[in-house]
Amino acid sequence: LRLIRAGIAAHHRRLRRIVAAKAFSGTVGALQGAQLTRVPRGYAPDHPAADLLRFKQFIGGREWPAAFAIDDAFYPSLLDVFRAVTPLVGFLNDALSAEAQPTAIWQPPGAHARR
């Protein structure tokens, strides 16, 4: 979560474009998920991405009635959702990527001494 928040802080304009895109908002609505009541420690309350930094979960999806699963329109609709959330998944993966954040691997204090 710390890596994702660092990615959001550094690239919040990209994330805003992703969740505001018609493909995303028109298919799954707004970004959903549990949020903190305040901006997390280490970030200024007036940070331009304060609203995004509060997220603890990053959910983009859609629900249908169970009976829709046997409808001919289900598979194409499901593909539309997958296509719509792919940029969000890519953003989150980039933030977690070891190549993008080579020094960001967290270890508990004293872990290097315990072998």
Gln35: side chain to side chain donor-acceptor pair (under 3.5 Å) partners, not counting sequence neighbours: Arg54
For residues 73-85, which side-chain donor-acceptor pairs fall under 3.5 Å, sequence neighbours excluded?
from: Ser77; atom 1: OG; to: Ala73; atom 2: O; distance (Å): 2.8

Listing, residues 38-53 side-chain donor-acceptor contacts under 3.5 Å, not counting sequence neighbours, or none:
from: Tyr43; atom 1: OH; to: Ala6; atom 2: N; distance (Å): 3.4
from: His47; atom 1: ND1; to: Ala49; atom 2: N; distance (Å): 2.9
from: Asp51; atom 1: OD1; to: Arg16; atom 2: NH2; distance (Å): 2.6
from: Asp51; atom 1: OD2; to: Arg16; atom 2: NH1; distance (Å): 3.1

Set of residues satisfying salt bridge (charged side-chain N to carboxylate O under 4.0 Å, His left out) with respect to Arg17, sequence neighbours excluded: none
Leu36-Phe58 co-clustered via ILVMFWY side chain contacts under 4.5 Å: no
Any pair counted as side chain to side chain donor-acceptor pair (under 3.5 Å), so long as it reaches residues 55-73, sequence neighbours left out: none
Would you tabulate the side-chain donor-acceptor contacts of residues 21-29 under 3.5 Å, counting partners in other chains and residues two or more places apart, or write 'none'?
from: Ser25; atom 1: OG; to: Ala21; atom 2: O; distance (Å): 3.1
from: Thr27; atom 1: OG1; to: Ala23; atom 2: O; distance (Å): 2.7

Full working for side chain to side chain contact (heavy atoms under 4.5 Å, CB included) between Phe91 and Ile8: CA-CA 9 Å; Phe91 180 90; Ile8 291 170; 3.8 Å; yes
Shortest non-hydrogen contact from Gly7 toward Ala95: CA-CB, 4.3 Å
Cluster overlap Leu92 with Ile59, hydrophobic side-chain contacts below 4.5 Å: no
Path from Val89 to Ile18 over hydrophobic side-chain contacts below 4.5 Å: no
